[in-house]
Q: 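There's a structure below that I have some questions on.
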Amino acid sequence: MSKQCKFKLDLIGGIVVKKLIKAVGVCFVIVVQLLLLSAGAVAPIAMNNTTDTTFEMNVNFFGYTYTDGRTKDNSSGAYVWVERSQIGWVRVQVQGGNSNNGDWVNCTELKNGTDVEQVYVQDGTIRATYQRQIANRVKRGGYSLARLGFKSQLIINSDISGYWSPDCTSESIPYATNEEP
């Protein structure tokens with residue numbers, strides 16, 4: 001065999017070996033990714049339904065006005081920020097249910113786990129100051145949805161607006177209490 005032919009054969013063999021090593025490396029990466037994905041399927045990460053939904057409604061003293069129900073993913077408090085009202089403080093209740101058209105149950109609690117009828121949330125335009133989380137037993141009670149109910153603390157109707165989510169993003173957000181203002 002001539003030196004020129006041997007050189008071309010060595011060159012072709014080297015390229016084939018490099019491509020083979022690259023292909024094995026790619027297969028290895030794919031196998032590792034599949035293993036990680038399957039491990040994630042066995043032990044899923046708990047999701048948090050923390051996207052804020054706006055609410056705007058008229059509330060009165062004699063009955064609660066409710067948001068639509070949303071999926072409750074964990075046992076955190078429900079998040080609420082009453083940005084604007086005409087009365088300063090609003091009574092708020094967290095309810096649990098399994099269907100927006102089904103029965104709803106009051107699941108409002110204090111941070112220590114005591115069941116209460118409602119908590120009080122003050123309105124204010126500074127989110128960091130007036131946002132609250134409301135302890136609840138929605139998940140522990142076996143319910144998949146949460147909704148908020150709002151009621152005026154005075155015998156007048158009030159327009160209110162703000163933001164809420166079924167799951168709270170941070171334990172550092174203060175809990176609402178049932179102490180009357």
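Only a predicted model underlies this, so the values are computations on that prediction, with no experimental measurement involved.
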Q: Tell me yes or no: between the side chains of Asn101 and Ser99, is some donor less than 3.5 Å from an acceptor?
A: no
Q: Assess whether a salt bridge exists between Arg140 and Glu109, defined as any Lys/Arg side-chain N lying under 4.0 Å from an Asp/Glu carboxylate O.
A: yes
Q: Set out, in order, the CA-CA distance, both residues' side-chain angles and the distance that settles side chain to side chain contact (heavy atoms under 4.5 Å, CB included) for Glu83 and Tyr163, then state yes or no.
A: CA-CA 8 Å; Glu83 184 178 24; Tyr163 302 86; 3.7 Å; yes
Q: Please answer whether the main-chain N or O of Glu117 pairs with a side-chain N or O of Gln93 as donor and acceptor at a distance below 3.5 Å.
A: yes
Q: For Arg70 and Thr53, test the side chains for any donor-to-acceptor distance below 3.5 angstrom and give the result as yes or no.
A: yes
Q: Quick one, Asn136 and Thr108 - any side-chain contact, counting heavy atoms below 4.5 Å?
A: no
Q: Locate the shortest heavy-atom distance separating Ser144 from Asn98; write the atom from each residue and the value.
A: N-OD1, 2.9 Å
Q: Are Trp89 and Trp164 connected in the hydrophobic side-chain network, where two residues link if heavy atoms are under 4.5 Å apart?
A: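 Trp89 and Trp164: separate clusters.
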Q: For Asn49, does its backbone N or O pair with a side-chain atom of Asp73 as donor and acceptor, under 3.5 Å?
A: yes
Q: Of all heavy-atom pairs between Ser152 and Ile156, which one has the smallest distance, and what is that distance?
A: OG-O, 3.0 Å
Q: Which heavy-atom pair separates Val121 from Ala176 by the least distance, and what is that distance?
A: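 Distance-wise, the nearest heavy atoms are CG2-CB, 4.1 Å.
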Q: Going by atom types only, do Asn74 and Ser76 share a side-chain donor-acceptor pair under 3.5 Å?
A: yes
Q: Within 45° of the axis and under 6.0 Å from the centre of the six-membered ring of Tyr64, does NZ or CZ of Arg147 qualify?
A: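 Cation-pi check for Arg147 and Tyr64: fails.
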Q: Ignoring hydrogens, what is the shortest heavy-atom contact between Val138 and Val94? Give both atom names and the distance.
A: CG2-CG1, 3.9 Å
Q: Is there a donor-acceptor pair under 3.5 Å between the side chain of Ser165 and the backbone N or O of Asp52?
A: no
Q: Hey, mind stepping through Lys151 and Val92 against side chain to side chain contact (heavy atoms under 4.5 Å, CB included) and telling me if it holds?
A: CA-CA 7 Å; Lys151 188 176 183 181; Val92 186; over 6 Å; no
Q: Under 3.5 Å, side chain of Asn106 to main-chain N/O of Gln95, donor-acceptor pair present?
A: no
Q: Salt bridge or not between Lys72 and Asp167? Use side-chain N to carboxylate O under 4.0 Å.
A: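 Salt bridge flag = yes for Asp167 with Lys72.
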Q: Side chain to side chain contact (heavy atoms under 4.5 Å, CB included), that's the test. Do Phe55 and Val80 meet it? Break it down for me.
A: CA-CA 10 Å; Phe55 60 86; Val80 64; 4.2 Å; yes
Q: Whether the side chain of Asn60 engages the backbone of Asn157 through a donor-acceptor N/O pair (distance < 3.5 Å, no angle test) should be reported.
A: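 Answer holds: no.
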Q: Is there side-chain contact between Leu145 and Thr71, with heavy atoms separated by less than 4.5 Å?
A: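 Yes, close enough: below the 4.5 Å cut-off.
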Q: Quick one: do Tyr66 and Phe150 satisfy ring pair (Phe, Tyr, Trp, His ring centres under 6.0 Å)? Show the steps, please.
A: CA-CA 6 Å; Tyr66 299 99; Phe150 296 92; 8.9 Å; no
Q: Between Asp115 and Arg137 (salt bridge meaning N to carboxylate O under 4.0 Å), is one present in this structure?
A: yes
Q: For residues Gln131 and Tyr79, is any side-chain donor paired with an opposing acceptor at under 3.5 Å?
A: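 There is such a pair between these side chains.
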Q: Taking Ser75 for its side chain and Lys139 for its backbone only, find out whether a donor-acceptor pair lies under 3.5 Å.
A: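 Side chain of Ser75 to backbone of Lys139, a donor-acceptor pair under 3.5 Å: no, none is there.
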Q: Checking the side chain of Gln133 only, and the main-chain atoms of Ser170 only, is there a donor and an acceptor separated by less than 3.5 Å?
A: yes
Q: Under the side chain to side chain contact (heavy atoms under 4.5 Å, CB included) rule, what do Val59 and Ile160 come out as? Steps first, then yes or no, please.
A: CA-CA 7 Å; Val59 297; Ile160 65 169; 3.8 Å; yes
Q: Between Val119 and Met57, is there a shared hydrophobic cluster once you connect ILVMFWY residues whose side-chain heavy atoms come closer than 4.5 Å?
A: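 Yes: a chain of side-chain contacts under 4.5 Å links Val119 to Met57.
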